Participant: 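Structure incoming, see below.
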Number of protein chains: 2
Amino acid sequence: MADNGTSVAGGEALLFLTDEQLRKGIEAMFFAYRGFTADPDRILEKLAYGRAHHRALHFIHRQSGLTVNTLLAVLGVTKQSLNRVLRTLIDDGLVESRIGRRDKRERHLYLTEKGTALERELSEAQRVRMRAAYRTAGPQAVAGFRQVLEAMMDLDMRRQYLMLRDGV
Amino acid sequence: MADNGTSVAGGEALLFLTDEQLRKGIEAMFFAYRGFTADPDRILEKLAYGRAHHRALHFIHRQSGLTVNTLLAVLGVTKQSLNRVLRTLIDDGLVESRIGRRDKRERHLYLTEKGTALERELSEAQRVRMRAAYRTAGPQAVAGFRQVLEAMMDLDMRRQYLMLRDGV
DNA sequence: ATTTTATGTCAGCCTTGTTGACTTTCCAAG
DNA sequence: CTTGGAAAGTCAACAAGGCTGACATAAAAT
C-alpha cells in the first residue's frame, strides 16, 4: 500500500481509510484553519474588529446589495448577534444600508469605499497565503483540496456555497 | 484553460491563480470548517461542554501523558483559558492529572475510561464525516487536500502538526 | 541560597454567540 | 381595507472561551 493510503486493484484506485489516516486529516484541518485566519486576525486586531466583522465584510463584498436576511442565512448566526457587528460597521462608515426599492422592509447592504478598502486588505492577506499554499501543493492538489472540502460541508451550507461559487 | 484553473505548457502544469479561484478556496474553507465541527458540537452541547473541551480531549488522547505546558503549546491558548476547561474535565472525571515522576512540578494528563469514551464518540462522529468526504472525493483528492492544508499552516503550527503526524 | 520554571488560581475584561420580548414598518392575502 | 405575518432593529440578560495581570506554591536548576 502506498504512503498516501491508496492502492490499485484491477485498474481502480481504492481507499484504505484507517483511523490513522482520518486523524491526520482532522488535525490538518485544525491547524490549517488557524493559519487560514491568522493574517486577517492580525489586521483586525489593530482596528478593534473581530472575525465576525471580517465575515460580514466578505459576504457583503461578495454579494453586493444582499439583504440582512440573506446575510443571516449565509453566516448562520442570530440577527441579534449580526446586528451588533453590523451596527458598528455602519456607524464606522464601512457598510451602507439602503432601504429596498421593491420591498421597503428590506435593507440592502453595500460596502462603502472605506469598507471596500478594508475588505480588500483582509482578503488580500488571506489570498497571499492561499496562493502560496496552492503554488506549493500544485494544481492537482488544489482540485483535490476543493473536492474534499465541498464533500465535507453540510447540505444547507453546500447550497449556500454553490450559489456563491457558481454565481448568484 | 481547464475548469480547474490548470493548463499544460511544455509538459508542465501551471497554475493560473485568479482571485476568483482563490476566493472559492477561501469560501470552501469557511463552509467546510463549519461542517467539520458540526457533529461534535451537537454531542458536546448535550453535555454542556464546548469545542475547547473537545480539543483538549483530542490532544490528550493523541499524546497520552503530555504535560500541561505541551498541551498549551499545541492548543495555542493561555494557561488561564485552558485551566478553566481542564478543571471541569478533571472534576468530571474525564481527565486524570498525575504528578511527574522525573520532574514533580509537571502534571501529566491522561484520559480516564470515561474520557476515552467521550473522545471516541466525538472523534468517531468527525471521522464518519471525513470518511464520507474522502470516499466521495477519491484518493487523489485526499492527497491534495492534505497537501494544501499542510502548506497553509504557519511554521510553528506545522511543527506541531508534523510531530503529531509522524509520531511523537 | 537564590532564581527560574511549571502549575494553579483569582479577578476582571472583551468578543461573539445565545434566548426572549417587544416595536416599527410594510407587504400581501382575505 | 383590515389584518396577519415578514423584515428589520433593539433592549436585556446570559454563557463560552478568549485575554491580561497579579499572585502563590512547589520543585528544579544555578
Side-chain angles (χ1 to χ4, degrees), chain A residues 30 33-34 37-38 40-60 65-92 95-110, chain B residues 30 33-34 37-38 40-60 65-92 95-110:
Chain A
F30 172 67
Y33 199 77
R34 285 229 299 248
T37 56
D41 281 356
R42 267 188 289 273
I43 296 168
L44 290 158
E45 195 181 24
K46 294 182 296 189
L47 305 171
Y49 291 139
R51 224 173 267 182
H53 299 84
H54 182 190
R55 290 195 286 261
L57 289 176
H58 175 96
F59 286 109
I60 295 171
L66 85 180
T67 66
V68 172
N69 238 351
T70 307
L71 185 54
L72 281 176
V74 174
L75 294 176
V77 296
T78 59
K79 102 186 132 158
Q80 293 90 329
S81 191
L82 174 60
N83 206 253
R84 210 165 12 196
V85 165
L86 211 46
R87 200 164 42 205
T88 76
L89 291 175
I90 292 171
D91 289 352
D92 294 354
V95 169
E96 196 188 341
S97 166
R98 298 189 205 145
I99 293 177
R101 289 208 295 107
R102 250 196 7 250
D103 186 332
K104 291 184 197 162
R105 291 171 304 179
E106 294 178 340
R107 300 299 139 96
H108 297 266
L109 303 171
Y110 299 87
Chain B
F30 172 69
Y33 199 77
R34 285 229 298 248
T37 55
D41 281 356
R42 265 188 291 273
I43 296 167
L44 291 158
E45 194 180 26
K46 293 182 297 190
L47 306 170
Y49 290 141
R51 226 173 266 181
H53 299 85
H54 181 191
R55 291 195 286 259
L57 290 175
H58 174 95
F59 287 108
I60 295 171
L66 85 180
T67 66
V68 172
N69 239 349
T70 308
L71 184 54
L72 281 176
V74 175
L75 294 176
V77 297
T78 60
K79 96 186 138 161
Q80 294 90 330
S81 192
L82 173 60
N83 205 254
R84 211 167 12 199
V85 165
L86 210 45
R87 199 163 46 205
T88 74
L89 291 175
I90 293 171
D91 290 352
D92 294 354
V95 169
E96 197 189 338
S97 166
R98 297 188 206 146
I99 293 177
R101 289 206 295 105
R102 250 196 10 248
D103 187 333
K104 291 184 196 161
R105 291 172 303 181
E106 295 178 339
R107 299 301 140 95
H108 297 267
L109 304 171
Y110 299 87

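So that the names make sense, note that chain A is the first sequence line, chain B the second, and so on, each numbered from 1. Hydrogens, waters and symmetry mates play no part in the numbers below; they use all other heavy atoms, side chains included. On a predicted model such as this, the values are computed, not experimentally measured, just so you know.
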Participant: Measure from CG on A:L82 to P on D:dG9 and round the result to the nearest Å.
Facilitator: 9 Å
Participant: Side-chain contact test, heavy atoms from C-beta onward, threshold under 4.5 Å: evaluate it for A:F30 versus B:H58 and give yes or no.
Facilitator: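 With C-beta onward as the side chain, the pair stays apart.
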Participant: If you compare every side-chain N and O of A:R87 against the phosphate oxygens of D:dG9 (OP1, OP2), does one of them come in below 4.0 Å?
Facilitator: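 Answer no for this pair, as no side-chain N or O of A:R87 is under 4.0 Å from OP1 or OP2.
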Participant: Return the 5'-most residue of the pair B:Q80, B:V68 with respect to DNA chain C, ranking by each residue's nearest nucleotide.
Facilitator: B:V68
Participant: How close do A:F59 and A:L71 get, counting heavy atoms only, and between which atoms?
Facilitator: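 Answer, listing the atom of A:F59 first, then A:L71: CB-CD1, 3.8 Å.
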Participant: Can you tell me which nucleotide in D:dG17, D:dA8, D:dA27 comes closest to the side chain of A:T67?
Facilitator: D:dA8
Participant: Per the atom types in the model, does the base of D:dA6 pair as donor or acceptor with the side chain of A:R105 at under 3.5 Å?
Facilitator: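 Pair found.
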Participant: Would you say the side-chain atoms of B:T67 and B:T70 include a donor-acceptor pair closer than 3.5 Å?
Facilitator: yes
Participant: Figure out the NZ/C1' separation between B:K104 and D:dT25, and round it to whole Å.
Facilitator: 15 Å
Participant: Using heavy-atom distances to pick each residue's nearest nucleotide on DNA chain D, tell me which of B:H53 and B:D103 is more 5'.
Facilitator: B:H53
Participant: What's the spacing between B:Y49 OH and B:D92 CG if we round to 0.5 Å?
Facilitator: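 Answer for the OH-CG pair, B:Y49 versus B:D92, is 3.0 Å.
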Participant: Just by distance, do the side chain of A:R34 and the backbone of B:L75 share a donor-acceptor pair under 3.5 Å?
Facilitator: yes
Participant: What is the separation between atom CG on A:L71 and atom P on D:dG9, rounded to the nearest whole Å?
Facilitator: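 From A:L71 CG to D:dG9 P: 11 Å.
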Participant: Please work out which of the three classes, parallel, tilted or perpendicular, describes the rings of A:Y110 and A:H108, given edges at 30° and 60°.
Facilitator: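 Judged by the thresholds at 30° and 60°, the geometry between A:H108 and A:Y110 is tilted.
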Participant: Can you measure B:N83 atom CG to D:dG21 atom P for me and round it to whole angstrom units?
Facilitator: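 Whole-Å distance recorded here is 18 Å.
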Participant: Taking atom P of D:dG17 as reference, at what distance in whole Å does atom CZ of B:R55 sit?
Facilitator: 8 Å
Participant: Measure CZ/A:R84 against C1'/D:dG9 and give the value in whole Å, please.
Facilitator: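 One finds 14 Å between C1' of D:dG9 and CZ of A:R84, rounded.
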Participant: Along DNA chain C, 5' to 3', what are the outermost nucleotides having an atom less than 4.0 Å from a heavy atom of chain A?
Facilitator: C:dT16 to C:dC27
Participant: Rounded to whole Å, please give me the gap between CD1 in A:I90 and P in D:dG9.
Facilitator: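 Value for this atom pair: 7 Å.
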Participant: What is the distance from CZ of A:R51 to C1' of D:dG18, rounded to the nearest Å?
Facilitator: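 Between C1' of D:dG18 and CZ of A:R51: 11 Å.
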Participant: Can you check whether A:I60 reaches A:L57 side chain to side chain, under 4.5 Å on heavy atoms?
Facilitator: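 A:I60 does not reach A:L57 side chain to side chain.
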